Amino acid sequence: MGGDRVNRRKFILNAGAVTGGAAASTVLAAPAIAQEMPSIRWRLTSSFPNTLDTIFGGAKALSTAVSEITGGKFTIDVFPAGELVPGLQALDAVQGGTVEAAHTACYYYVGKDPTFAIGATIPFGLNARQQNAWLYHGGGNEAFDEFLSGYSVKGLPGGNTGVQMGGWFRREINSVADLNGLKMRIAGLAGRVLEPLGVVPQQLAGGDIYPALERGTIDATEWIGPYDDEKLGFYQVAPYYYYPAFWEGGLTLHFLFNKAKYDELPAAYKAALDTAAKAANVNMLALYDAKNMQAIRSLVGKGVQLRPLPRDILDASYDSAMKLYASLSESNPKWKAIYDPWSKFRTESYEWFRVAEYSYDTYVYSQQAAGK
């Protein structure tokens, strides 16, 4: 009898240990963030319309991932351009605390300082892979973040478009002379590069481009590439489609966060933002690569006149860009602090890419074009 009691006691203790262990496992299996971290809700304004699922979708991808990683504790509400603030005022909204976050192209803000463009893309710069290499492992993020801190914001790369198209023109362009007096919507430093060639640059948000092109307020526009451009309908009012956009070899979009709000976040939430932003960065480039190859065929089928930019325009633009960069390095210490190491990285990256990437691409593309 006494032995039975002892055995029963051992059984209960053992059972308790098992169920307790199972309960502990259940607790450990649930996200620690969801149990211990605060509930936080942010607002993010995009510089892009929600009709463009690729580029606007980058912010939605971040929001979804952050919510899932944190078990719904950290939520980010995403608003398209114009709903809270105009698309080109996204940085100001974050800096002033109107919203906690934005998804934008930093070269929109070259009017504040040309240095903003280096973190995004500059004419004759890096392609998407080289840009990511510089940002993540070449000191780019650290240097750009130091610059952004002067505007009370923190940045994370959040998407890349790949090499863009050179834009839509209402009339054919055959030489540098045809650029004289051309009114063109063009972003970043490209306008300053093209001004000496006679172009009159205009800065317009994505949703404002089509009506300006239709009315003849502008003669030409660049946006991104075939998929987005077809959605925006540019081919209906400007039949000539040029390539490539030498000014955007690999545009990086950024998530910008109000620095004070970002610094208040728990370390786990900062890690969630970083992880989600990296996923959004990779996903956007893959989406554009997949969708552009179908869209370019569709556009040509609709009668679009596909043209390479004339070599004399490329050469004159390259010379103009290098002169601009030299001038900025002399006059703007913030520019020089980032541009000098960026330029060294560009040179070394080009050397490597010529060895492997360029030689491989050139051969296989020529074989495919020959029908082999």
Side-chain angles (χ1 to χ4, degrees), residues 46-61 78 80-82 87-88 103-105 107-108 120-121 127-128 158-173 182-188 190 202-253 280-309 365 368-369:
S46 174
S47 285
F48 314 107
N50 56 11
T51 52
L52 298 178
D53 56 306
T54 40
I55 197 163
F56 176 79
K60 298 293 288 184
V78 178
L88 300 184
H103 188 220
T104 190
Y107 63 14
Y108 288 156
T121 187
N127 67 24
N160 198 297
T161 65
V163 180
Q164 296 190 13
M165 292 291 283
W168 298 87
F169 293 73
R170 293 168 64 93
R171 65 175 187 269
E172 195 169 5
I173 303 297
L182 186 90
K183 293 173 291 185
M184 183 175 185
R185 182 273 176 194
I186 191 163
Q202 312 285 317
Q203 180 127 302
L204 297 171
D208 300 328
I209 299 173
Y210 183 90
L213 195 60
E214 184 180 37
R215 291 193 303 265
T217 307
I218 55 176
D219 306 305
T221 186
E222 56 82 32
W223 178 242
I224 293 177
Y227 181 72
D228 283 354
D229 291 2
E230 184 176 29
K231 278 175 140 325
L232 291 173
F234 299 144
Y235 65 93
Q236 299 175 53
V237 288
Y240 297 100
Y241 199 23
Y242 283 85
Y243 63 90
F246 59 78
W247 50 88
E248 294 183 270
L251 168 63
T252 295
L253 285 303
N281 192 26
V282 171
N283 186 60
M284 185 182 293
L285 181 60
L287 276 175
Y288 274 120
D289 284 342
K291 294 186 175 187
N292 281 335
M293 66 182 182
Q294 302 300 329
I296 192 67
R297 295 174 68 90
S298 173
L299 286 168
V300 171
K302 292 174 179 176
V304 167
Q305 301 297 305
L306 200 58
R307 300 279 192 274
L309 281 169
Y365 296 165
Q368 187 275 335

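Here, residue 1 is the first one in the sequence, and each next residue gets the next number. Remember, it's a predicted structure, so these values are computed and weren't measured experimentally.
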task = Please test Asn160 against Asn281 for side chain to side chain contact (heavy atoms under 4.5 Å, CB included), starting from the C-alpha separation and ending with a verdict.
result = CA-CA 6 Å; Asn160 198 297; Asn281 192 26; 4.0 Å; yes
ask   = Mind checking what makes side chain to side chain contact (heavy atoms under 4.5 Å, CB included) contact with Thr51, not counting sequence neighbours?
value =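 Residues passing side chain to side chain contact (heavy atoms under 4.5 Å, CB included) with Thr51: Pro49.
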task = Given side chain to side chain contact (heavy atoms under 4.5 Å, CB included), test Tyr241 with Val300 step by step and report yes or no.
result = CA-CA 10 Å; Tyr241 199 23; Val300 171; over 6 Å; no
With rounding to the nearest 0.5 angstrom, report the [atom1] to [atom2] distance, [X] to [Y].
X      : Y      : atom1 : atom2 : value
Gln305 : Tyr242 : CD    : OH    : 9.5 Å
Lys302 : Gln236 : NZ    : CD    : 8.0 Å
Leu299 : Arg297 : CG    : CZ    : 12.0 Å

ask   = Do the non-hydrogen side-chain atoms of Thr221 and Leu204 ever get within less than 4.5 Å of each other?
value =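 When only atoms from C-beta onward are counted, Leu204 and Thr221 do not touch, as no gap falls below 4.5 Å.
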key: Side chain proximity check, Leu251 to Ile224, heavy atoms < 4.5 angstrom   =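 In short, these two side chains do not touch, never coming nearer than 4.5 Å.
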Listing, residues 283-292 side-chain donor-acceptor contacts under 3.5 Å, not counting sequence neighbours, or none:
from, atom 1, to, atom 2, distance (Å)
Tyr288, OH, Thr54, OG1, 3.1
Tyr288, OH, Asp228, OD2, 2.4
Lys291, NZ, Asp53, OD2, 2.7
Asn292, OD1, Tyr227, N, 3.0
Asn292, ND2, Tyr288, O, 3.2

Side-chain donor/acceptor pairs under 3.5 Å, residues 162-172, sequence neighbours excluded:
from, atom 1, to, atom 2, distance (Å)
Gln164, NE2, Thr161, OG1, 2.9
Gln164, NE2, Glu248, OE2, 3.2
Trp168, NE1, Asp229, OD2, 3.0
Arg170, NH1, Leu213, O, 2.6
Arg171, NH2, Asp178, O, 3.3
Glu172, OE2, Arg307, NE, 3.3

List the atom of [X], the atom of [Y], and the distance in Å for their closest heavy-atom pair.
X      : Y      : value
Leu88  : Ala205 : CD1-N, 4.0 Å
Ile186 : Gln203 : O-OE1, 4.0 Å
Gly87  : Ala81  : CA-CB, 3.8 Å
Leu232 : Tyr210 : O-CD1, 3.3 Å
Ala187 : Tyr108 : CB-CE2, 4.2 Å

query = What residues form a side chain to side chain donor-acceptor pair (under 3.5 Å) with Gln202, not counting sequence neighbours?
reply =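 In terms of side chain to side chain donor-acceptor pair (under 3.5 Å), with neighbours along the sequence ignored, Gln202 is linked to no residue.
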task = Using the test ring pair (Phe, Tyr, Trp, His ring centres under 6.0 Å), find all partners of Tyr240 that sit at least two apart in sequence or belong to another chain.
result =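 Residues passing ring pair (Phe, Tyr, Trp, His ring centres under 6.0 Å) with Tyr240: none at all.
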request  = Output all residues satisfying ring pair (Phe, Tyr, Trp, His ring centres under 6.0 Å) with Phe48, sequence neighbours left out; order by chain, then residue number.
outcome  =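 Per chain and number, Phe48 pairs via ring pair (Phe, Tyr, Trp, His ring centres under 6.0 Å) with His103.
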request  = Kindly determine whether Ile55 and Leu253 satisfy side chain to side chain contact (heavy atoms under 4.5 Å, CB included), including the steps that lead there.
outcome  = CA-CA 9 Å; Ile55 197 163; Leu253 285 303; 4.2 Å; yes
key: Side-chain donor or acceptor of Asn127 paired with backbone N/O of Gly250 under 3.5 Å   =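 It does not hold such a pair.
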